[in-house]
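Have a look at the structure below before the remarks.
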Amino acid sequence: MVNETIQLGKGLVLRNPVLTASGTFGYGEEYTDFVSMSDLGGIIVKGTTLHPREGNPYPRMAETASGMLNCVGLQNKGIAHFIETIYPRICNFDTNVILNLSGSNIDDYVQGAERINALDKIPAIELNVSCPNVRQGGMAFGVSCSGISQVVSEVRKVYHKHLIVKLSPNVTDISEIAKAAEAAGADSLSLINTLMGMSIDAETRRPRLSMTTGGLSGACVKPVALRMVWQVSKAVRIPIIGLGGISNATDAVEFMLAGASAIQIGTANFIDPAISAKVVRGIAEYCARTGFEKVSDLTGQLIVG
Amino acid sequence: MKQITDFKLMESIDYGKSVWQRYRSPVPLPFIEAGQFVQVRVDDSPDTYLRRPISIHDVDPTQNEISLLVQKVGDGTRHLAALTAGAMVNMVLPLGNSFSLPQSDRERILLVGGGIGIAPLFYLGKILKSKGITPQFLLGGKTKGDLIRREAYEKIAPVACTTEDGSFGEKGFVTQHSVWDHAVFDRVYVCGPKPMMKAVAARCKEKDLWCEVSLENLMACGLGACLCCVENTTEGHVCVCKEGPIFNIRRLLW
Ligand SMILES: Cc1cc2nc3c(=O)[nH]c(=O)nc-3n(C[C@H](O)[C@H](O)[C@H](O)COP(=O)(O)OP(=O)(O)OC[C@H]3O[C@@H](n4cnc5c(N)ncnc54)[C@H](O)[C@@H]3O)c2cc1C
Ligand SMILES: Cc1cc2nc3c(=O)[nH]c(=O)nc-3n(C[C@H](O)[C@H](O)[C@H](O)COP(=O)(O)O)c2cc1C
Ligand code: FES
């Protein structure tokens, strides 16, 4: 039997390294016909903001070669609604339920984090400082070292559980941003959020997305994400949660070899709603076959040279 | 409960611009209501990365079979249309809400379909028939060739047709057909291209008729998880894949 447990530190223990990515798995409820929550390391629910947001106009998605663009724009009913209506429904899922928190100013992040800190059954927040679809969706914070230091250190003051900081790939040097987040008090980092992209319909000469640009995700982003996980793993000491285009267990193993301690499945949930549980089994099978007794031993085992 | 199932293509009939296909499930079908849809995994090619939403055209629970009507508009639908009997196709089903059924068997029902939008009305017509209601179909196309499987619809209920070029039925759009003047309807159900649905909805509003439409917004997950498919309604943005695809026109901002 392979030991699948992953210790991410600061009270966050995963039964296996597989989480589902924010914005691609709803609140988990949408997938209960396909996967058992007790099979997963955790779920990261939809991006939530202090106040309700209607999100961007339709059309919000465009398919691309081996991927998709989205400009959903953080549509959500706000933290109060989450706490009153959704939390009671999902807090007893037999897995780690993690909230993805977004904001347009520091105060929103801090107030949001304070309220989530009070929820017993949410062991961690994933701080989204990297949404490319909202003018003030936090990406302003996520693309500069000073911005990320500021938001992470302020949230750190009020949030006492595990704080994951989700990084944007839309930067010149992601290692620098990662170091700034670590120094400001992040317990772990997740990367990558979507890559800024664009799609045009030549026939109508119009952009396919209502916001003209959007975030690219899916299999096509994997090489970029993998490179960034590898670079960041060299730059920081805190654990890394890798994501971006993971579509099967082999992809997941590659992210762990590159330096990730855990992984997230995003867009692949749309193609196979049962994929997350399959990846869990596939990683264990890989370890059994290749002689790793613990899944956590895969992290950083890339052979270079 | 929703399923992910590998269906076997049993039969495929090509109508030129579109195709009718009958698929068999190796496991018992879940309960399927009229207006629901499937998400089809077309193939593994980079150009059809996401699943394609297709309405359920008919259901045969005794054979664990469903059928689909697919219009060839792009890579995904063309690839699907080219499959031959024996091919295996992965689908997630049943998705979405359903048409609301009449309260009494005395209600008079009009089912309006345009182009490939005739697809979900077939199963709705069959269900109404099983409840003792004979609806009136009103099917529209650009030309006679668009009115595919008309005979199958005629076996369920009377079919009125319009074609834009006048090659079959009354010439013009479905909103101009004389059935609107000759009969009164308690409920109107519509599926077709958006301009056509808007025109029918406008007509229904004008006459204060109850009307439900089936929307075809672009989708990614089909499960209510990604919020890509939203329609702006009187209650703000709602997911067409989960709270729809069927909407009463009073909820829409048309
Ligand atoms: C709930 C629902 C039910 C549907 N039922 C049916 C059905 O029963 N039969 C059927 O043939 N089609 C149906 N559709 C539409 C079908 O999903 C699209 O035609 C299909 O996804 C196109 O895939 P493609 O790869 O062939 O084309 P693509 O290469 O993706 O696109 C080709 C062209 O079709 C347009 N298009 C793509 N998707 C849609 C869409 N959802 N609505 C309108 N235009 C679109 C694109 O903008 C493009 O111009 C339904 C859609 C929804 C949301
Ligand atoms: C439709 C959609 C909505 C998303 N919403 C969020 C969100 O609310 N918060 C967030 O941090 N990331 C969000 N993301 C980004 C994903 O969590 C993930 O970082 C990205 O898609 C890359 O992973 P993937 O290629 O496996 O999907 C969203 C992605 C998609 C496709
Ligand atoms: S397609 Fe994902 S929410 Fe409707």
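From a predicted model like this one, the values you see are computed outputs, not experimental measurements. Labels below follow one simple rule: chain letters A, B, ... track the order of the sequence lines, proteins then strands, and each chain is numbered from 1.
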Mark yes when over 12 heavy atoms from residues, nucleotides or ligands other than [X] sit less than 6.0 Å from its [atom1]; otherwise mark no.
| X | atom1 | value |
| --- | --- | --- |
| B:R250 | CZ | no |
| B:K126 | NZ | yes |
| B:K142 | NZ | no |
| A:Y27 | OH | yes |

Part of [X] within contact of chain B (heavy atom distance under 4.5 Å):
| X | value |
| --- | --- |
| A:A62 | neither |
| A:T32 | neither |
| A:F25 | backbone |

* Check whether B:V230 gets within reach of chain A through its side chain, its backbone, both or neither, counting any heavy atom under 4.5 Å. =>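 Its backbone and side chain both get close to chain A.
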* Given that the side chain runs from C-beta out, which part of B:N217 has a heavy atom under 4.5 Å from chain A: side chain, backbone, both or neither? ->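 The answer is both parts of B:N217.
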What is the minimum heavy-atom distance between [X] and [Y], and which atoms define it?
| X | Y | value |
| --- | --- | --- |
| B:A225 | A:G26 | CB-N, 3.6 Å |
| A:K46 | B:L227 | CE-CD1, 3.7 Å |
| A:Q75 | B:H237 | NE2-O, 3.2 Å |

* What do the steps show when you test A:Y58 against B:V240 for side chain to side chain contact (heavy atoms under 4.5 Å, CB included), and what is the final call? -> CA-CA 11 Å; A:Y58 178 86; B:V240 170; over 6 Å; no
Once you round to the nearest 0.5 Å, how far does [atom1] of [X] lie from [atom2] of [Y]?
| X | Y | atom1 | atom2 | result |
| --- | --- | --- | --- | --- |
| A:M68 | B:L218 | CE | CG | 10.0 Å |
| B:C226 | A:N70 | SG | CG | 8.0 Å |
| B:Q39 | A:F270 | CD | CZ | 10.5 Å |
| A:T267 | B:Y49 | OG1 | OH | 5.5 Å |
| A:E30 | B:C221 | CD | SG | 7.5 Å |
| B:N90 | A:I271 | CG | CD1 | 11.5 Å |

* Asked: In terms of heavy-atom pairs under 4.5 Å, which option from A:A65, A:P273, A:G55 contacts chain B the most?
  ->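 If we count pairs closer than 4.5 Å to chain B, A:P273 comes out on top.
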* Asked: Side chain of A:E54, backbone of B:G236: donor and acceptor closer than 3.5 Å?
  ->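 Checking the backbone N and O of B:G236 against the side chain of A:E54, no donor-acceptor pair under 3.5 Å is found.
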* Asked: Given B:L50 and A:M61, is the side chain to side chain contact (heavy atoms under 4.5 Å, CB included) satisfied, shown in steps?
  -> CA-CA 11 Å; B:L50 298 167; A:M61 61 131 338; 3.4 Å; yes
* **Salt-bridge present (B:R52, A:E63; N to O < 4.0 Å)** =>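 Yes.
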